[in-house]
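Proteins come first, then strands; the chains are lettered A, B, ... in the order of their sequence lines, and each starts at number 1.
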Protein chains: 2
Amino acid sequence: MGRVKLQIKRIENTTSRQVTFSKRRNGLIKKAYELSVLCDVDVALIMFSPSGRLGHFSGNKSIEEILVRYVNLPEHERGSPMSTDSQIEVLHA
Amino acid sequence: MGRVKLQIKRIENTTSRQVTFSKRRNGLIKKAYELSVLCDVDVALIMFSPSGRLGHFSGNKSIEEILVRYVNLPEHERGSPMSTDSQIEVLHA
DNA sequence: CGACCTATGTATAATGT
DNA sequence: TACATTATACATAGGTC
């Protein structure tokens, strides 16, 4: 968006990179919030920047709660949409 | 966006909610990816849906690595942008 | 269910204050 | 250095296949 099309690669200018980080971090958090409300989803978002900034978001539940839930998933269930009834059972357990 | 402006509240129609989830999940992951590349940031994103879907994203590092880093932060350092030098020192330690 | 289409609302890059 | 503005690229609601 913006005045010019932006290539998706590391922004070399430090000031520009931090300004862009601030803006996009806010946008990403807003989107995460909207998704969590619209679709009744638990979302956890964590960002670490090498330039010394941290940002995170989560909906109703605490980030910790969501992280624990994720970590407790068997490995093969991480990372792809669930579809079978049995998988859904497990997810809801 | 879209043809109609959407209020930010839970979408009651199940089908619509799942369709919106699919679309916005993809959009959110794309944004997270762009942020991680443009700003050289580690991002972890986890989504749990009550309707039985799971989605996640992380950049170079594994989600687990980022989660561990987050969990190991002292409580008072979680949750807001870092600004003072001393805080940045701690974050980089 | 996901992929594509298109009108329209949003996010945001560059710029101004 | 942060905040406001503006032009423009992007995301997406609703619909079709």
Would one find a side-chain N or O of A/Thr20 under 4.0 angstrom from OP1 or OP2 of C/dA13? yes
Please state whether the phosphate of C/dA11, meaning OP1 or OP2, lies under 4.0 angstrom from any side-chain nitrogen or oxygen of A/Lys30. yes
Is the side chain of B/Ser22 donor-acceptor paired with the backbone N or O of B/Gln18 at a distance under 3.5 Å, no angle test? yes
Does one hydrophobic cluster hold both A/Leu67 and B/Val68, with members joined at side-chain heavy-atom distances below 4.5 Å? no
[X] [atom1] to [N] [atom2]: how many Å, rounded?
| X | N | atom1 | atom2 | answer |
| --- | --- | --- | --- | --- |
| A/Gln7 | C/dA14 | CD | P | 11 Å |
| B/Asn26 | C/dC1 | CG | P | 13 Å |
| B/Gln18 | C/dA3 | CD | C1' | 18 Å |
| B/Ile29 | D/dA11 | CD1 | P | 13 Å |
| A/Leu28 | C/dT10 | CG | P | 18 Å |
| A/Leu38 | D/dG14 | CG | C1' | 15 Å |
| B/Leu6 | D/dT12 | CG | P | 11 Å |
| B/Arg25 | D/dA11 | CZ | C1' | 15 Å |

Can you spot which of B/Thr20, B/Thr14, B/Asn13 makes a side chain to side chain donor-acceptor pair (under 3.5 Å) with B/Ser16? B/Asn13
Partner nucleotide of D/dA13 by Watson-Crick or wobble geometry (both distances under 3.5 Å): C/dT6
Greater than 12 external heavy atoms within 6.0 Å of B/Asn60's CG: no
D/dT6 base / A/Arg3 side chain donor-acceptor hit below 3.5 Å: yes
Side-chain donor or acceptor of B/Arg24 under 3.5 Å from a matching atom on the base of D/dT12? no
For B/Met47, run the side-chain contact (heavy atoms from CB on, under 4.5 Å) check against A/Leu35, A/Asp42, A/Leu45 and tell me which one passes. A/Leu35
Please classify the nucleic acid contact of A/Lys23 as base, sugar-phosphate, or nothing, using heavy-atom distances under 4.0 Å. base
How would you label the contact of B/Ser16 with the nucleic acid (heavy atoms, under 4.0 Å): base, sugar-phosphate, or nothing? nothing
Nucleotide nearest B/Val4 when distance is taken to its side chain, options D/dC10, D/dG14, C/dT10: D/dG14
B/Met1, nearest nucleotide to its side chain (from C/dG9, C/dT12, C/dA13): C/dG9
